[in-house]
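Working notes, beginning with the structure itself.
Bear in mind the structure is a predicted one, so any value in this text is a computation, not a measurement. Each residue takes its place number in the sequence, starting with 1.
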Amino acid sequence: MSINKDIVKQCIIDKREEILSLEIVNRPIEFEESANYVFVGLRRVGKTYMLYQRVLQLLAAGISIKDILFVNFEDERLSEINSDDLNTILEVHYEMSGTDTKPILFFDEIQVVDYWDKFVRRLADAKYTVYVTGSNAKMLSSDVATTLGGRFLICDIFPYSFFEYLNAKSLELPDNWQHSTIEKAKVSAAFNDYFQSGGLPETIYFKNKRSLLQSLYQKIYLGDICARNNIRNSKIMGLTIKKLAESVKQPTSYNRIQNILKSTGNNITVGTVAEYIYYAVNSWLIIPIENGLAKIGDRETVKKYYFIDNGILNLFLIDAETTLLENLVAVTLCRKYGRDNVCYLKSNLEIDFYLERENTAIQVSYSITDMDTRERETASLVQFAKKHPDTRLLVITMSEADIITIDNQTIKVVPVLDWLMNL
């Protein structure tokens with residue numbers, strides 16, 4: 001039975017009215033005018049609002065709302081839709097518009113419909129402009145990338161950066177704000193919330209942020225990971241995620257996680273551990289970072305894993321500050337420079353993060369007032385810089401600032417808040 005056209009029409013009109021009434025926080029993403037986009041990211045990270053932002057930009061540029069077709073496929077009125085009904089949506093639009101002008105298409109969470117990728121590829125081939133969002137593993141798989149055939153740009157949507165977080169909280173910084181006691185206090189308070197509770201947009205509007213984050217994590221864990229990947233033993237999946245959280249900051253192998261889980265009485269193979277971590281990565285819960293000095297085979301099996309949001313990571317930790325600091329730096333680097341440009345270095349030296357294209361090596365340490373810690377954090381930087389001249393050397397701390405010179409190598413020590421504000 002085909003979907004009722006009147007229901008589709010009602011969904012389209014309701015969405016138009018909603019969009020026209022919106023006030024949103026714009027995020028600094030520049031769009032190619034003629035490109036098609038797939039927005040991917042964690043559940044509730046703001047992918048839908050990226051569609052809204054783009055629609056409002058087009059309206060401001062003179063495009064009529066009647067030439068925009070926006071469909072939310074998680075609307076319960078469309079719950080029975082299948083692949084045979086997708087073209088009906090286009091038919092309804094043309095009937096409503098009364099013209100043959102191709103609309104600009106916005107499909108939110110379209111992955112709930114089977115064979116969605118073939119539909120949007122056909123539209124791209126027919127020279128429609130298409131924007132798509134999704135959050136599950138299908139939106140990131142190599143199969144979909146092959147199916148879309150290079151016709152779409154994949155845009156990673158992260159939680160708010162700290163600047164976006166300030167903007168969303170309507171904290172406008174005046175000139176020389178850092179010299180104002182009141183303004184500095186406002187920024188410091190906002191940073192503490194951001195550091196502990198993360199940058200997912202909804203957390204800004206909740207006082208009980210932890211309760212919201214726990215609810216969100218359950219939806220990611222049970223829905224985006226366990227249900228969608230048919231995981232029978234959700235308990236072991238949950239333990240895997242917990243052990244990854246406890247292992248942030250250190251290189252972690254599949255064998256290590258397997259041994260930890262076996263020690264708790266759970267029988268699990270290395271292959272299953274690898275699958276579970278793969279599912280967590282594809283749900284956008286965690287970000288893997290490779291060892292830039294390792295052999296190719298080791299790069300795949302031993303990685304550092306960071307959580308996409310400090311707030312979710314903080315659900316698992318006690319005395320979390322040192323872990324949250326490195327996690328925040330990792331996610332910020334991936335957002336700013338791209339995940340493929342961020343690695344760590346470990347062989348006869350150990351460096352937390354290295355950006356090859358920016359020629360920058362970074363250590364993260366909560367404090368370096370202790371001389372042993374100071375020597376440990378700086379020694380690898382100096383050793384690396386001697387072999388790679390002109391490398392920018394940086395130590396990010398919680399609150400300490402300094403300039404250190406060792407063997408003609410200059411290392412800048414910067415508090416994390418200053419680093420975030422100057423990116």
Check: Taking it one step at a time, do Glu95 and Lys5 satisfy salt bridge (Lys or Arg N to Asp or Glu O under 4.0 Å)?
Finding: CA-CA 10 Å; Glu95 290 172 6; Lys5 285 188 175 183; 2.8 Å; yes
Check: Rounded to the nearest 0.5 Å, how far apart are CD1 of Ile260 and NZ of Lys243?
Finding: 6.5 Å
Note to self: Strictly distance-based, threshold 3.5 Å: is any side-chain N or O of Gln53 a donor or acceptor partner for the main-chain N or O of Arg27?
What the structure shows: yes
Notebook entry, point to check: Does Ile296 CD1 have over 12 foreign heavy atoms under 6.0 Å away?
Noted result: no
Next item on the list: Enter the distance from Asp85:CG to Asn4:CG here, rounded to the nearest 0.5 Å.
Entry: 10.5 Å
Notebook entry, point to check: Do Glu400 and Ser367 have side-chain N/O donor and acceptor atoms under 3.5 Å apart?
Noted result: yes
Margin query: Quiz question: by atom type and distance under 3.5 Å, do the side chains of Thr48 and Asp108 form a donor-acceptor pair?
Written below: yes
Next item on the list: State whether a side-chain donor-acceptor pair under 3.5 Å links Asp67 with Thr101.
Entry: no
Item checked: Lys304 and its salt bridge (charged side-chain N to carboxylate O under 4.0 Å, His left out) partner, picked from Glu350, Glu290, Glu326 -> Glu326
Notebook entry, point to check: Does Leu315 reach the side chain of Tyr217, with side-chain heavy atoms less than 4.5 Å apart?
Noted result: yes
Next item on the list: Spell out, as yes or no, whether a donor-acceptor pair under 3.5 Å connects the side chain of Asn36 to the backbone of Arg151.
Entry: yes
Margin query: On the six-membered ring of Tyr128, is Lys102 placed so that its NZ or CZ lies under 6.0 angstrom from the centre and within 45° of the ring axis?
Written below: yes
Margin query: Taking Val132's backbone N and O only, do any of them form a donor-acceptor pair with Lys47's side chain (distance below 3.5 Å, no angle check)?
Written below: no
Next item on the list: For side chain to side chain donor-acceptor pair (under 3.5 Å), just list the numbers for Lys169 and Tyr160, CA-CA rounded to whole Å, side-chain angles, deciding distance to a tenth of an Å, and then say yes or no.
Entry: CA-CA 11 Å; Lys169 289 176 71 71; Tyr160 283 148; over 6 Å; no
Margin query: Distance alone, cut at 3.5 Å: any donor-acceptor contact between the side chains of Tyr305 and Lys249?
Written below: no
Notebook entry, point to check: Are any side-chain N or O atoms of Asn266 and backbone N or O atoms of Ile236, one a donor and one an acceptor, separated by less than 3.5 Å?
Noted result: no
Note to self: Treating Asn229 as the side-chain partner and Ile225 as the backbone partner, does any N or O pair qualify as donor plus acceptor under 3.5 Å?
What the structure shows: yes
Item checked: salt bridge (Lys or Arg N to Asp or Glu O under 4.0 Å) between Asp156 and Arg335, intermediate numbers included -> CA-CA 8 Å; Asp156 299 338; Arg335 180 195 297 109; over 6 Å; no
Notebook entry, point to check: What do the steps show when you test Leu293 against Leu349 for side-chain contact (heavy atoms from CB on, under 4.5 Å), and what is the final call?
Noted result: CA-CA 10 Å; Leu293 298 179; Leu349 54 79; 4.1 Å; yes
Note to self: Using the rule given for side chain to side chain donor-acceptor pair (under 3.5 Å), can you reason through Asn341 versus Glu358, listing the C-alpha separation, both sets of side-chain angles and the distance that settles it, and then say yes or no?
What the structure shows: CA-CA 9 Å; Asn341 192 36; Glu358 282 68 36; 2.5 Å; yes
Check: Is Arg392 atom CZ crowded by more than 12 heavy atoms from other residues, nucleotides or ligands, each under 6.0 Å away?
Finding: no
Checklist line | Heavy atoms of other groups near Tyr94 OH, more than 12 under 6.0 Å | finding: yes
Check: Does Thr391 use its side chain to pair, donor to acceptor, with the backbone of His388 at less than 3.5 Å?
Finding: yes
Note to self: Please report the interatomic distance OH(Tyr306) to OG1(Thr323), rounded to the nearest 0.5 Å.
What the structure shows: 9.5 Å
Notebook entry, point to check: Do side-chain atoms of Asp352 reach the backbone of Val364 as a donor and acceptor pair under 3.5 angstrom?
Noted result: yes
Check: Can you name the residues that form a salt bridge (Lys or Arg N to Asp or Glu O under 4.0 Å) with Glu300, not counting sequence neighbours?
Finding: Lys303
Notebook entry, point to check: Can you check side chain to side chain donor-acceptor pair (under 3.5 Å) on Arg122 and Asn87, steps first, answer last?
Noted result: CA-CA 11 Å; Arg122 175 167 64 82; Asn87 211 63; 3.1 Å; yes
Checklist line | Set of residues satisfying ring pair (Phe, Tyr, Trp, His ring centres under 6.0 Å) with respect to Phe107, sequence neighbours excluded | finding: Phe73, Phe119
Check: In terms of heavy-atom contacts, does CG of Asp340 have more than 12 from other residues, nucleotides or ligands at under 6.0 Å?
Finding: no
Check: Just by distance, with hydrogens left out, do Ser247 and Arg256 show a side-chain donor and acceptor under 3.5 Å apart?
Finding: yes
Notebook entry, point to check: Is a donor on one side and an acceptor on the other found under 3.5 Å between the side chain of Thr133 and the backbone of Phe39?
Noted result: no
Notebook entry, point to check: Do Leu345 and Phe384 come close enough that some side-chain heavy atom pair is under 4.5 Å?
Noted result: yes
Notebook entry, point to check: Among all residues two or more places apart in sequence or in another chain, which pass the side chain to side chain donor-acceptor pair (under 3.5 Å) test with Asp418?
Noted result: none
Notebook entry, point to check: Distance-only, no hydrogens or angles: does the Glu164 side chain make a donor-acceptor pair with backbone N or O of Ser161 under 3.5 Å?
Noted result: yes
Check: Going by the side chain to side chain donor-acceptor pair (under 3.5 Å) test, which pairs reach into residues 179-195, not counting sequence neighbours?
Finding: none
Check: Roughly how far apart are Leu213 CG and Gln196 CD, rounded to 0.5 Å?
Finding: 11.5 Å
Notebook entry, point to check: Less than 4.0 Å between a side-chain N and a carboxylate O, is that true for Glu30 and Arg54?
Noted result: no
Margin query: Other residues, nucleotides and ligands only: do more than 12 of their heavy atoms fall within 6.0 Å of CD on Glu356?
Written below: no
Check: Distance from Leu200 atom CG to Ile312 atom CD1, nearest 0.5 Å?
Finding: 5.5 Å
Next item on the list: Answer yes or no: does atom CG of Asp175 have more than 12 heavy-atom neighbours from other residues, nucleotides or ligands under 6.0 Å?
Entry: no
Checklist line | Residues which pass ring pair (Phe, Tyr, Trp, His ring centres under 6.0 Å) with Tyr344, listed by chain and number, not counting sequence neighbours | finding: none
Notebook entry, point to check: Checking Arg299 side chain against Ala294 main chain: does a donor-acceptor pair fall under 3.5 Å?
Noted result: yes
Item checked: Any residue meeting side chain to side chain contact (heavy atoms under 4.5 Å, CB included) with Leu59, in chain and number order, not counting sequence neighbours -> Leu20, Val55, Leu56, Ile65, Ile68
Notebook entry, point to check: After noting the C-alpha distance and the side-chain angles of Leu285 and Tyr279, does the key distance pass the side-chain contact (heavy atoms from CB on, under 4.5 Å) rule?
Noted result: CA-CA 9 Å; Leu285 181 62; Tyr279 297 149; over 6 Å; no
Check: When rounded to the nearest 0.5 angstrom, what distance separates CD1 in Ile7 from CG in Leu78?
Finding: 8.0 Å
